[in-house]
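Below is one structure, written out as structure tokens, with a few remarks after it.
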Amino acid sequence: MENETHTILKFSRPLQTCDPHDKNITESTVRVIWAYHANDIEGTGPVYHGLNRGQKSLRLLNPEIKNDIPDETPSFNFTNQYVPIPDKDTTYWCQMFKMPILTKKHHIIKVEPLIQKGHEGFVHHILLYQCEREAGDTVLEYGHECYHPNMPDVFLTCETVLFAWAIGGEGFTYPPHAGLSIGTSTDPTYVLMEVHYDNPLQQEGLIDNSGIKLYYTPQTRKYDAGVLEAGIWVSLYHMIPPGMPAFSSEGHCTMECLKEALNHEQPDGIHVFAVLLHAHQAGQVLRARHFRNGEEQKLLAYDNEFDFNFQEFQYLEEERIILPGDHLITECQYNTKSRSTMTWGGLSTRDEMCLSYLIYYPKINLARCESIPEIKEQLQFIGVKEIYKPVTSWPFIIKSPKRYNNLTFTEAMNTYQWSKKKGNSFNERVKEIPINIRCSKHESGEWNVQGMLLSPPEVRTYASEAPECASFSSVSSSAISTTVTYLLIVLSIVIYYTL
């Protein structure tokens, strides 16, 4: 179709063509490229498009929740007020807010990012945390840099993730039967909004007013929704050697943690309906894996072509039940070929994370379910024998052998002469050594398994079904179309005419 302003092209192709020169279309991120010319093709053939071109990362198969909300749905905003973005690579800015004062229970049913125009490249992610209810209104008067020695102590009580948005993502709409509860005595009174500013060029004079808009309704849904953070405990103990084209890290949400938390409140399990996979710049392939009785189930979520600049919640086609005794593994594959030093787990976008944010119902008292490889055996790989005790500094200092004497463990890991072969050996070793368990409740509490040292479980990998590929030379196109799922793509191009 074409009119004065739009040209719309509609076409289709199989999701899997079985042609080695084609790209399969999956639930992973797809880079869509486009180009056009303002004039129609004449008899001489196509003309070069010039600057009319671009690309966008999309998830073509991410099922969209058709849950439109009425225009009159009330909302409220949490936004930063004239925050100066420092002229440094990474800044985490924290600001506390108070939830609306309500006389009865309501449900938040939709959340949208409010990114200041022109700052789309600076605001990398926004997290909203629940804080202790006794925080007090005095903390609402100002914001402060997060994770800073002078940060208000009350910020440390804000640990439960309520919402997560990352760069490139859109808003999030809850399904019709679940919402985020507000307005009761057990619901959040105070929340902390953490905005991650990414300023790699260290530009000066930037002032930001970004935040989020939350829509809520007194017509409550059947279930209260919760968010579970699973994956690798963010720590320097998460280590990735340099020069590696594919290094894989695993974070475990163990059966011990899920069994204790779920049996206490929800022995019938929780229903996961959306997942946000999160890593930083070295991330390539991310997967949320689900195991039951040692057998791997179908992947909970995955992205085989992760784009650091495009991170959004993936709605599941079918809700997934997580039962007591199940085991979740968040797996992240990194590419550090262009790096000459170690990459560490940390907050900067040049550091790394490996997390899954699971949105589920009904809500239980489990905020984080994570692990980190035990440090002693990681350091033994490079020959470390002894550290100075008691530990009085961070990163801690190595005592022996002589070649590492008086070096921090981070300096020692960078001193080691890494190669691709050594990196692969280290990768295999890290997956076998014991893991420290994080199993935390909301508002700073912990389950009994918190801090336990466990061996990674022995599991059997899920065998996915390979597509049946017919010979294109012997099968007609009409026959192929009956056996292969098709993707329908509509490309809409807006051409602006200057008169």
Side-chain angles (χ1 to χ4, degrees), residues 29 88-92 124-125 147 166-167 196-202 229-252 277-287 303-311 329-356 370-384 394-396 398 404 407-433 435-436 438:
T29 300
K88 61 180 182 179
D89 277 357
T90 298
T91 301
Y92 285 77
H124 181 263
H125 75 242
Y147 315 109
I167 188 168
H196 175 184
Y197 293 112
D198 194 30
N199 188 9
L201 299 180
Q202 301 182 12
E229 180 181 292
I232 297 180
W233 195 336
V234 180
S235 165
L236 286 175
Y237 293 174
H238 180 200
M239 309 180 188
I240 308 167
M244 298 299 296
F247 186 93
S248 180
S249 298
E250 295 179 347
H252 296 261
L277 300 170
H278 181 65
H280 287 171
Q281 290 181 345
Q284 274 195 318
V285 178
L286 279 61
R287 300 196 297 171
D303 193 343
N304 293 330
E305 302 194 41
F306 176 75
D307 182 351
F308 167 73
N309 293 309
F310 176 69
Q311 303 182 48
I329 297 177
T330 303
E331 182 181 85
C332 299
Q333 181 178 295
Y334 303 101
N335 182 344
T336 61
K337 284 177 65 177
S338 62
R339 301 186 181 187
S340 57
T341 57
M342 294 289 295
T343 298
W344 308 99
L347 301 176
S348 168
T349 55
R350 262 61 68 188
D351 297 329
E352 269 309 329
M353 293 185 178
C354 183
L355 296 171
S356 299
E370 299 166 336
S371 72
I372 191 71
E374 197 269 332
I375 185 61
K376 181 180 177 181
E377 292 197 36
Q378 290 194 77
L379 294 178
Q380 285 176 350
F381 180 86
I382 67 168
V384 172
W394 182 256
F396 59 74
I398 293 173
Y404 298 138
L407 296 180
T408 66
F409 78 85
T410 54
E411 290 171 336
M413 292 295 286
N414 274 320
T415 300
Y416 187 71
Q417 297 297 307
W418 291 101
S419 65
K420 184 178 176 182
K421 182 177 180 181
K422 291 177 181 177
N424 286 331
S425 297
F426 179 67
N427 200 172
E428 292 304 313
R429 184 74 189 101
V430 167
K431 291 180 181 180
E432 297 171 351
I433 65 178
I435 51 178
N436 285 289
R438 188 179 200 185

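- Summarising the geometry of N436 relative to E374, their closest heavy-atom pair is ND2-CA, 3.8 Å, with the distance given to 0.1 Å.
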List the steps and the verdict of side chain to side chain contact (heavy atoms under 4.5 Å, CB included) for H125 and Y92. CA-CA 10 Å; H125 75 242; Y92 285 77; 3.8 Å; yes

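- Note that CG of N335 and CZ of F306 are 13.0 Å apart. Values are rounded to the nearest 0.5 Å.
- At distances below 3.5 Å, not a single donor-acceptor pair connects side-chain atoms of Q284 with backbone N or O atoms of C332.
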What's the verdict on side chain to side chain contact (heavy atoms under 4.5 Å, CB included) for D198 and R350, showing C-alpha distance, side-chain angles and the deciding distance? CA-CA 10 Å; D198 194 30; R350 262 61 68 188; 3.4 Å; yes

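- The ring pair (Phe, Tyr, Trp, His ring centres under 6.0 Å) check on F308 picks up H124, with sequence neighbours excluded.
- Rounding to the nearest 0.5 Å gives a distance of 11.5 Å between OG of S235 and CE of M353.
- Residues M342 and T410 have side chains not in contact (no heavy-atom distance under 4.5 Å, counting atoms from C-beta outward).
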List the steps, then state whether side chain to side chain contact (heavy atoms under 4.5 Å, CB included) holds for Y147 with L347. CA-CA 10 Å; Y147 315 109; L347 301 176; 3.3 Å; yes

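- Taken to the nearest 0.5 Å, the CZ atom of F396 stands 12.0 Å off from the CG atom of L407.
- Partners of P373 under the side-chain contact (heavy atoms from CB on, under 4.5 Å) rule, at least two apart in sequence or in another chain, are Q378, V430, I433.
- With sequence neighbours excluded, no residue forms a salt bridge (Lys or Arg N to Asp or Glu O under 4.0 Å) with D351.
- Closest approach of P395 and L236 over heavy atoms only: CG-CD1, 4.1 Å.
- Judged by distance alone, with hydrogens and angles left aside, the side-chain atoms of S371 form a donor-acceptor pair with the main-chain N or O of H252 at under 3.5 Å.
- The number of heavy atoms from other shown groups lying within 6.0 Å of NZ (K431) is above 12.
- Put simply, the side chain of E352 gets close to the backbone of A282: a donor and an acceptor are under 3.5 Å apart.
- We find the CD-CZ distance between Q380 and R429 to be 7.5 Å, quoted to the nearest 0.5 Å.
- Partners of K422 by side-chain contact (heavy atoms from CB on, under 4.5 Å), not counting sequence neighbours, listed by chain and number: Y416, Q417, W418, S419.
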Show me, pair by pair, the donor-acceptor contacts under 3.5 angstrom made by side chains of residues 237-250, not counting sequence neighbours?
unit_1, atom_1, unit_2, atom_2, d
H238, NE2, S249, OG, 3.0

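- Here the closest heavy-atom approach between residue T336 and residue T343 is recorded as CG2-OG1, 3.9 Å.
- Between the side chains of T29 and D303, at least one donor N or O lies within less than 3.5 Å of an accepting N or O.
- The nearest pair of heavy atoms linking A412 to I398 is CB-CD1, 3.4 Å.
- Here R287 pairs with E331 under the salt bridge (Lys or Arg N to Asp or Glu O under 4.0 Å) rule; sequence neighbours left out.
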Test side chain to side chain contact (heavy atoms under 4.5 Å, CB included) on L379 and Y404 and set out the steps. CA-CA 11 Å; L379 294 178; Y404 298 138; over 6 Å; no

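- In terms of heavy atoms, H280 sits closest to H278 at NE2-NE2, 3.5 Å.
- Separating the CG atom in L286 from the CD atom in Q333 is a distance of 9.5 Å, to the nearest 0.5 Å.
- Across all their heavy atoms, E370 and L355 have their closest contact at OE2-CD2, 3.5 Å.
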